[in-house]
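Structure, as structure tokens:
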Amino acid sequence: MTYSRIIGTGSALPTRLVTNHELAQTVDTSDEWITTRTGIRQRYLAEESQTTSDLALEASRQALDQAGVSVDELDLIIVATTTPDQVFPSTACLLQNKLGNKGATAFDIQAVCSGFVYALATADSFIRAGQARTALVVGAETLSRILDWQDRSTCVLFGDGAGAVVLRAGDQPGILASTLHADGSYSDILAAPGKMCGGKIVGNPFVEMDGQAVFKFAVKVLDDVARETVDKAGLALSDIDWLIPHQANLRILDSTAKKLGIPTERVVVTVDRHANTSAASIPLALDTAVRDGRIKPGDKVLLEGVGGGFTWGAVLVQM
Ligand code: UT7
């Protein structure tokens, strides 16, 4: 039996740090409002010249380095992003070129903030089916490009960044179980509805959100999908060493952990420092906790995402 296992993690953040106090100088908001409603204190924003694939490249190099894997060994590259560098080619192909790999399967996955769990589950399926042996899976975003910086109800919530993992085939798990779901009937509660048409963007190109509807939906499905995935693996919630939910809002993280009965000290939280980096948030949090020594080899880590679409899913990993 073939399994896939994470053998390296990496992450990247832009250098430009913007605190809530700085943001409050240009947007009608306050540090107090943002921290009490979301737990966010700061975010990192890409420079104009910095692309999603640039951030993906930095995170990927770190992950490859930690894994001790050379670029030529990669036979699958998946990038989860909602903010690709261009309409096409895919960011995965642009990243492949920057890395110097030729010939690997390369494609993007668009599942907004669930993108990384979608990509990880997909790479796991490729490996278990024998279609790939060594995969690079990246979540990377420059969400700041699709925010209306005059809309205080959205712009304060997001940041830019990237996270990556290297997966390798082996005879020990690895990825223990995964679950992916979507319900397109919720497509209008979180969207960037603009369309490319005749050389122009028609409609609003910026993120629009019904915050309270998203909040309620997220808390419900993060609970459901965690239970479904742990069940599938034949384990109990008490077997989970670390919970890494999508980093959207500290209140969502806290209520998810509480409903699942997972102590808050077993939840990896980075939303305070990174804000919501969409598809990048889970691998950024994973890499943070691997590098600071909290997550150790053998630990069972439950990664779970929820985002526009609506999409949601979870991957249970044994490190
Ligand atoms: O990846 C998924 C991404 N999305 C999310 O995770 C969002 C989930 N939702 C949330 O996190 C919360 O709904 C928000 C943090 C977005 C909003 O919190 P809320 O408690 O649901 O606030 P609200 O939308 O009900 O707004 C309350 C008030 C409003 O003023 P009035 O109408 O009561 O006078 C807003 O205009 O807060 C106002 N407001 C702000 N005030 C200061 C909205 N945004 C801001 C702001 N600063 N940035």
Side-chain angles (χ1 to χ4, degrees), residues 18-43 45 80-83 109-119 139-161 163 181-183 186-193 206-223 225 244-257 259 267 269-272 274-285 303-314:
V18 178
T19 62
N20 292 345
H21 290 292
E22 263 179 273
L23 206 53
Q25 289 167 16
T26 53
V27 181
D28 181 16
T29 189
S30 64
D31 175 57
E32 200 266 334
W33 192 96
I34 302 171
T35 47
T36 49
R37 305 272 174 149
T38 71
I40 296 165
R41 297 186 179 279
Q42 58 176 51
R43 73 283 297 138
L45 301 180
T81 187
T82 302
T83 46
I109 278 189
Q110 161 57 300
V112 201
C113 305
S114 314
F116 184 76
V117 290
Y118 264 68
E141 302 280 14
T142 45
L143 243 285
S144 58
R145 306 254 153 83
I146 58 165
L147 296 172
D148 174 355
W149 287 96
Q150 300 308 310
D151 177 5
R152 67 179 183 174
S153 70
T154 53
C155 73
V156 303
L157 304 175
F158 296 94
D160 300 331
H181 290 295
D183 183 346
Y186 288 91
S187 58
D188 55 357
I189 63 171
L190 179 57
F206 299 121
V207 173
E208 293 176 355
M209 181 177 70
D210 175 346
Q212 290 187 4
V214 171
F215 194 104
K216 283 188 207 136
F217 191 96
V219 169
K220 178 174 181 341
V221 299
L222 288 173
D223 183 63
V225 82
I244 309 189
H246 166 50
Q247 307 283 313
N249 180 318
L250 191 57
R251 285 156 59 216
I252 297 180
L253 298 189
D254 284 347
S255 49
T256 301
K259 283 175 83 178
V267 183
V269 176
T270 52
V271 67
D272 54 332
H274 301 163
N276 179 348
T277 57
S278 188
S281 90
I282 294 170
L284 255 167
L303 312 172
E304 46 171 1
V306 54
F310 247 73
T311 55
W312 64 102

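This one's a predicted model, so the numbers in the text were calculated from it and none came from an experiment. Ligands are counted one by one from 1 in listed order, and the atoms in each one are counted from 1 as well.
Here the CD atom belonging to Glu32 is positioned 10.5 Å from the NE2 atom belonging to His21, to the nearest 0.5 angstrom. Expressed to the nearest 0.5 Å, how far CZ of Arg37 lies from OG1 of Thr29 amounts to 10.0 Å. One distance of note links CZ of Arg251 with CG of Leu253; it measures 11.5 Å at 0.5 Å rounding.
Ranking the protein heavy atoms by distance from atom 15 (C) of ligand 1 puts Thr38 CG2, 3.7 Å first. The protein heavy-atom contact nearest to atom 11 (O) of ligand 1 is Asn249 ND2, 2.6 Å.
Distance screen at 4.0 Å: atom 43 (C) of ligand 1 has a protein heavy-atom neighbour inside the cut-off. Within a 4.0 Å radius of atom 37 (O) of ligand 1, the protein contributes at least one heavy atom. Per-atom contact check: atom 47 (N) of ligand 1 touches the protein, criterion being a heavy-atom distance below 4.0 Å. Shown here, atom 6 (O) of ligand 1 is in close reach of the protein: a heavy atom of it lies under 4.0 Å off. Within a 4.0 Å radius of atom 34 (O) of ligand 1, the protein has no heavy atom.
Ser281 pairs with exactly one of Gln247, His246, Glu141 by the side-chain hydrogen bond (donor to acceptor under 3.5 Å, both in side chains) rule, that one being His246. Partner of Ile40 under the side chain to side chain contact (heavy atoms under 4.5 Å, CB included) criterion, out of Asn20, Val156, Leu250: Asn20 alone. The only option from Thr270, Val271, Asp272 that meets the side chain to side chain contact (heavy atoms under 4.5 Å, CB included) definition with His274 turns out to be Thr270.
Among the atoms of Trp33, some N or O lies under 3.5 angstrom from an N or O of ligand 1.
Close contacts of ligand 1 with Thr29, meaning ligand atoms under 4.0 Å from a residue heavy atom, involve 42 (C), 46 (C), 47 (N), 48 (N). Interface atoms of ligand 1 facing Met209, defined by a heavy-atom separation under 4.0 Å, are 4 (N), 5 (C), 7 (C), 16 (C). Atoms of ligand 1 lying under 4.0 Å from at least one heavy atom of Val156, given by number and element, are 48 (N). Here is the list of ligand 1 atoms found below 4.0 Å of a heavy atom in Ser153: 44 (N). Residue Asn276 has at least one heavy-atom neighbour below 4.0 Å for each of these atoms of ligand 1: 1 (O), 2 (C), 3 (C). With ligand atoms numbered from 1 in the order given, ligand 1 contributes 1 (O) to contacts under 4.0 Å with heavy atoms of His246. Remark: ligand 1 atoms within the under-4.0 Å shell around heavy atoms of Cys113 are 1 (O).
For Trp312 (side chain) and Asp183 (main-chain N/O), no donor-acceptor pair under 3.5 Å exists by modelled atom type. Using a distance-only test at 3.5 Å, with no hydrogens or angles considered, no donor-acceptor pair links the side chain of Tyr186 to the main chain of Gly308. At distances below 3.5 Å, at least one donor-acceptor pair connects side-chain atoms of Ser114 with backbone N or O atoms of Thr311. Formation of a donor-acceptor pair under 3.5 Å by the Thr142 side chain with backbone atoms of Asp160 is not found in this model.
Across Ser114, Gly308, Gly211, Ala279, heavy-atom proximity to atom 12 (C) of ligand 1 is greatest for Gly211. When Glu32, Gln212, Arg37, Arg152 are ranked by how near their heavy atoms come to atom 25 (O) of ligand 1, first place goes to Gln212.
Between the side chains of Thr82 and Gln110, a donor-acceptor pair is found at a separation under 3.5 Å.
Contact between Gly307 and ligand 1 is absent, with no heavy atom of the residue lying under 4.0 Å from the ligand.
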